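All remarks here apply to the structure that follows.
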Amino acid sequence: MTQQRPYGRDGGRNRSGRTPRDRRNGTGAQGARSRRTTHQQHDLLHGDMSREPISRRVLLQGALGLGLAGGVFKLAQHQIFYHDINMERIEARRTTRPVLYAKRGTLYDRNGNILATSEDCTNIALNTKNITKKNRKKVVNALVKYLGVDREYAQEKVEQDTSWTYVARKVDQEVADELMETGLAGIEYEPAMRRVYPYGSLASQVLGVVNTDNVGTTGLEYQYDEALQGENGWIVRERARDGSYIAGGAYQKQDAQDGEDIVLTLDINIQEAAEEALAKAISDSGAHYGSVIVTVPSTGEILAACSCPTYDQANLSEARTEDMNLRVVTDAYEPGSVFKALVCGMAIDLDLVDTETEFTVPAQVLAGSDYVTDVDGRDYTMDMTVREIMRRSSNTGMILVGSEVGADNFAKYLDKYELGKKSGVDFPGENTGIVRSRDEYDGASVAAMSFGQSIAVSPIEMVRAISAMANGGVMTTPHFAMARAGEKLDWSDGDKRVVSEETASKVADMMLTVVDEGTGEGGQVPGYEVSGKTGTAQRASESGGYQEGSYMASFMGFAPTRDPQVQVYVTLDGTPHHSEAAAVPFASVMKTALNVLGVKPTRVASDEEE
């Protein structure tokens with residue numbers, strides 16, 4: 001009997017029960033597990049790429065291609081699309097381009113006196129990359145000593161890590177030169193210009209101011225900024241990495257083109273007299289504000305203009321915005337009885353009345369729902385000529401004159417006087433006031449406007465309108481600029497006839513009576529015929545109606561009556577006094593203006609007047 005035994009090393013089976021063939025063929029239990037594993041996992045590294053839906057080679061090539069395309073696109077952006085920008089950035093790091101400031105044009109008065117000019121100065125900056133730790137203290141000490149800056153501020157600036165930081169701007173050239181002599185590395189000097197006003201705060205509201213960049217922001221500095229400013233130049237200099245200039249490096253220069261000089265119509269002596277007289281009148285009358293404007297009625301040239309309170313250009317930190325306004329242009333008021341001269345001009349020009357036309361004037365007149373009376377408190381009826389109505393400044397009498405004119409003609413002449421429209425003055429911020437159109441009139445409109453209420457206009461508008469009575473019926477345009485860049489300016493395009501020469505002469509003659517014998521006696525100037533008209537307007541209340549005991553006192557006039565050379569308008573706003581408060585500064589300013597201009601007397605002054 002043959003004995004069976006397991007296959008040995010040379011037999012067929014091992015302990016696992018698998019034959020060598022099983023192992024080779026992957027049969028048996030382990031082979032089955034191996035086949036299952038192979039089915040579930042895909043060997044990306046060693047698998048058969050020919051059986052994959054998308055070849056790994058294609059994926060790899062695509063990824064490489066996209067990366068290369070992105071790099072090329074980015075390179076193209078910098079080399080083609082951003083080339084100019086990149087070159088500018090490189091150039092900005094390599095060079096410096098400081099501004100060469102143009103010299104701003106000079107403002108002169110009519111006699112050649114310098115009112116505003118520009119002078120060289122220096123901006124002081126630091127390049128802290130050139131300041132060694134050893135020299136920091138020396139630099140700080142120098143900044144404190146020469147520039148007067150706070151030590152803590154100087155220390156903070158020195159410790160910054162920058163190639164350019166300003167320490168002080170528009171430093172006196174002498175001070176900058178002294179600082180430069182210290183030879184301290186890291187302190188940089190930039191040429192600059194600054195505006196100076198040789199007469200201090202005189203005419204500050206007219207002249208205005210400029211900002212740090214020498215750009216006009218108010219007044220005539222703003223009005224004529226484009227002409228005055230000129231065109232800045234520049235210097236291109238090459239710098240090293242530490243910010244220092246390279247000797248023999250790139251250098252280019254574009255010279256600045258200075259601005260135009262402008263000669264103004266102002267006379268500095270008349271301007272000074274006007275400001276002094278106004279300040280005294282404000283103090284004496286207790287008014288809140290006031291203004292004065294002096295013109296040549298035949299040309300519209302403004303000899304002086306001011307408001308009070310005023311401000312100092314050298315101390316802008318303490319200046320109030322309202323004090324920087326030239327109120328003769330920027331504010332509007334009810335003109336009060338000064339307006340009566342224009343109403344008389346309407347009536348005479350329409351041939352409805354003459355200077356000696358007589359009216360029976362009651363003590364009070366109903367205007368709308370209000371009764372109007374005269375300031376003198378008259379309680380009886382009087383017969384008055386138009387001249388007498390003007391002499392007494394009768395409100396009730398002027399209402400009768402206005403009623404003769406009528407609403408349609410009244411509106412027509414307001415338009416001819418161009419009230420409610422810009423006067424054409426070369427100054428920013430003109431207020432055109434409030435003037436009703438004809439279709440807005442109510443039953444009281446003409447009556448109220450006849451004595452200067454229910455209408456608001458700026459003083460510059462009133463000056464233009466009244467100039468017609470001083471200039472043979474032709475209004476002229478008030479203006480400040482006389483010549484630019486050596487060329488005289490022509491303002492005659494703004495001239496406009498509004499009444500006949502005969503009408504203007506009659507109104508001027510009645511205004512002479514007002515000063516010689518009537519309410520305007522305080523405006524007399526010894527040796528001269530003066531035509532004038534007083535004005536007392538009640539100040540409107542915020543709650544409606546008018547304030548008690550608060551008026552705008554005014555005085556408008558010109559001289560000499562037969563050949564007017566000077567026109568003056570004074571307003572005092574918020575005073576408890578009537579027009580007599582404005583007559584005093586009017587007479588003072590008129591006297592100075594006539595003397596300064598060399599106008600010969602038209603009368604022999606009596607001993608009493610002298």
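Computation of the quantities below employed the complete heavy-atom set of this structure, encompassing side-chain atoms and omitting hydrogens, waters and symmetry-equivalent molecules. All values reported here derive from a predicted model rather than from experimental measurement.
Of the candidates D349, V343, V405, Y413 forms a side chain to side chain contact (heavy atoms under 4.5 Å, CB included) with just one, namely D349. Remark: of the listed residues T534, T519, L572, V338, T534 is the sole one forming a side chain to side chain contact (heavy atoms under 4.5 Å, CB included) with F555.
Between the side chain of S291 and the main chain of R327, no donor-acceptor pair closer than 3.5 Å is present. Side chain of S445 to backbone of D442: a donor-acceptor contact under 3.5 angstrom is found. A donor-acceptor pair is defined here as one N or O able to donate and one able to accept, closer than 3.5 Å; such a pair exists between the side chain of T330 and the backbone of L326. Looking at W491, its side chain never comes within 3.5 Å of a backbone N or O of V425 through a donor-acceptor pair. The main-chain N or O of H479 is found under 3.5 Å from a side-chain atom of T265 such that the two form a donor-acceptor pair. With Q205 contributing its side chain and D323 its backbone, the two residues share a donor-acceptor pair below 3.5 Å.
For K506 and E502, the salt-bridge test passes: some basic side-chain N is under 4.0 Å from an acidic carboxylate O. Salt bridge annotation for D415-R438: absent, with no cationic side-chain nitrogen under 4.0 angstrom from a carboxylate oxygen. A salt bridge is absent between E461 and K421; no separation between the charged side-chain nitrogens and carboxylate oxygens falls under 4.0 Å. Contact check on R484 versus D261 returns no salt bridge, with no Lys/Arg side-chain nitrogen under 4.0 Å from an Asp/Glu carboxylate oxygen. Using a cut-off of 4.0 Å between Lys/Arg side-chain N and Asp/Glu carboxylate O, K422 and E430 are scored as not salt-bridged. By the 4.0 Å N-to-carboxylate-O rule, R392 lies close enough to D376 to be salt-bridged with it.
Closest approach of I466 and A341 over heavy atoms only: CD1-CB, 3.9 Å. Considering every non-hydrogen atom in both G216 and Y222, the closest pair reads O-CD1, 3.5 Å. Nearest approach of A305 to V328, heavy atoms of both residues: CB-CG2, 4.5 Å. The shortest heavy-atom contact between T575 and A553 is CG2-CB, 3.9 Å. Scanning both residues, F451 and K340, for their nearest heavy atoms gives CB-CE, 3.6 Å. Taking every heavy atom of both residues into account, S394 and T396 meet most closely at OG-OG1, 3.2 Å.
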Run R104 and D225 through salt bridge (charged side-chain N to carboxylate O under 4.0 Å, His left out) and show every step you take. CA-CA 9 Å; R104 192 172 176 84; D225 183 64; 2.9 Å; yes
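The aromatic rings of F480 and F427 lie tilted to each other, with the angle between the two planes from 30° to 60°.
By the neighbour-count criterion of 12 heavy atoms within 6.0 Å, atom NZ of K416 is densely surrounded, having more than that number from other residues, nucleotides or ligands. Around CD of E226, the count of heavy atoms belonging to other residues, nucleotides or ligands within 6.0 Å does not exceed 12.
A distance of 6.0 Å or more separates the ring centres of H577 and Y551.
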